[in-house]
Amino acid sequence: MSLKNKKILLVIGGGISAYKSLDLIRLLQRKGSSIKVVLTKSGKKFVTSLSISSLSKNRVFEDIFDEKNKGKMDHISLSRWADAILVLPTTANFMSKLSRGSADDLATTIILAANKEIFLIPAMNVRMWLHKATQKNFNTLINYGYKFIGPVDGEMACGEYGKGKMSSPRQVLSYLEKFFKQKNYLKKKNISAIVTTGPTREYIDPVRFISNDSSGKQGYEIALELSRLGVKTTLISGPTNINYSNEIKIKKVTSGKEMFEAVKKKLPTDIAVCSAAVSDFKPLKRKKEKIKKKLKLSEIKLEYNPDILEFLGKNNRYKPKLLVGFSSETENIISNSMEKMQNKFCDIMVANDVSKKGIGFNSDFNEVIIIDKKGNTEKIKKNSKRFIASILARKIMNSFLDIKKNLN
Ligand code: C5P
């Protein structure tokens, strides 16, 4: 049932397993999905456009510069049409192109421009799969957020045996069914989340402010992942350089006070993830005119910003069902973070060591320790913030569903 009325964009790659795409089209159709197909140049060597269009009941898309399509941009319209994009088979060469960000034909251009979940279904010889270059591309693509279905162990068309065999159309179907089932379930439950991210700016006068180096990337990626899991997510973000996707609702704020007000407006919420690096203090008064150099420094008085996480944790009326805090530390990471977790009444604390170079503040990478209320810890080794976000979002959802089960 979960595939009923789903729109699937199927990219057929250039490998012997391409013929299995015909089976997959029929299986998906039986489940009520509609299918559009992009046939790559090398895919055409294995299956014909005629057999696909007869089966899919739709024209087959092949060329990025298709003159039949005046005024329409297929690489945008197709990915916006789709609920999910599949690449079957995904060859070693296609993986290499995607990991470089190539956009030299319709298929790669669609994928680069896509705002939907992309499932890669690899098929290749075992040595090709295990080659360091392919494994490096595999890791890169996971970090970019692509999902892999397979490959599995088995006998290949070339006669060799090992990992590299494509998942069968039925395995692909069952993976997709599970994926959409969970997504539909979460959507139906209408679960809401707020995520705070980025730094705040506390203006001293019209041109000077107190702030920090937070890039806001980790919170942004978490918000995207939660939204992709089917959670109604609002990102409340301080000033960043992020080019925000329109997949999620964004409320942009500048100061800690504005962030606090924006959070309060969104209450009640099921889940709150406070990843923002809110400035701890702010000037008592913002001067209207630019302060002259001769000002005595003691004239700038500071006061504390409201602690949003603590407010949520202590709020009897509107405490989110699941509250997640972040804790940046340079020493005694776990014990300090646990103390913070207790003081601010969080359910999960995500700790990171900001003394380490190349992770955390102003970096695309992170390394975190997830601490739960029972004191269990789980370390996620250095990886892209997107990868860390995908693990955190799944953990957050599982903890939320556990809490709900215990409440019911
Ligand atoms: O105590 P510390 O600032 O290290 O705690 C960090 C956690 O508290 C983060 O989750 C951060 O988003 C949150 N926080 C907040 N409001 C503040 C300060 C911190 O929500 N004013």
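Atoms within a ligand are numbered from 1 in the order they appear, just like the ligands themselves. Heavy atoms only: backbone and side chains are in, while hydrogens, waters and symmetry mates are out.
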By number and element, which atoms of ligand 1 are closer than 4.0 Å to a non-hydrogen atom of Gly325? 10 (O)

Can a salt bridge be assigned to the pair Asp23 and Lys20 using a cut-off of 4.0 Å between side-chain N and carboxylate O? no

Partner set under salt bridge (charged side-chain N to carboxylate O under 4.0 Å, His left out) for Asp83, not counting sequence neighbours: none

Should the pair Lys181 and Tyr185 be classed as cation-pi, given the thresholds of under 6.0 Å to the six-membered ring centre and 45° from the axis? no

For Tyr19 and Phe46, I'd like to know if the aromatic rings sit close, meaning centre-to-centre distance below 6.0 Å. no

What I want to find out is whether Lys282 reaches Glu303 closely enough, with some N-O distance under 4.0 Å, to be called a salt bridge. yes

Closest non-hydrogen protein atom to atom 13 (C) of ligand 1, residue and atom name please, with distance? Leu309 CB, 3.7 Å

Could a heavy atom of Lys344 be found less than 4.0 Å from some atom of ligand 1? yes

Considering non-hydrogen atoms of the protein only, which is the closest contact for atom 14 (N) of ligand 1, and what is the distance? Asp307 OD1, 3.7 Å

For Ala276, state whether at least one heavy atom is located under 4.0 Å from any atom of ligand 1. yes

Identity and separation of the nearest protein heavy atom to atom 6 (C) of ligand 1: Phe326 O, 3.1 Å

Under a 4.0 angstrom heavy-atom cut-off, which atoms of ligand 1 come close to Val278? 15 (C), 16 (N), 17 (C), 18 (C), 21 (N)

Charged N to carboxylate O below 4.0 Å: is that the case for Asp105 and Lys97? yes

Charged N to carboxylate O below 4.0 Å: is that the case for Lys385 and Asp364? no

Sidechain N-carboxylate O distance under 4.0 Å for Arg394, Glu225: no

Considering only heavy atoms, does Lys340 approach ligand 1 within less than 4.0 Å through its side chain, its backbone, both, or neither? side chain

N or O pair under 3.5 Å between Ile308 and ligand 1: yes

Counting heavy atoms only, which part of Pro306 comes closer than 4.0 Å to ligand 1: side chain, backbone, both or neither? backbone

Any idea which protein heavy atom is nearest atom 10 (O) of ligand 1, and the distance to it? Cys274 O, 2.6 Å

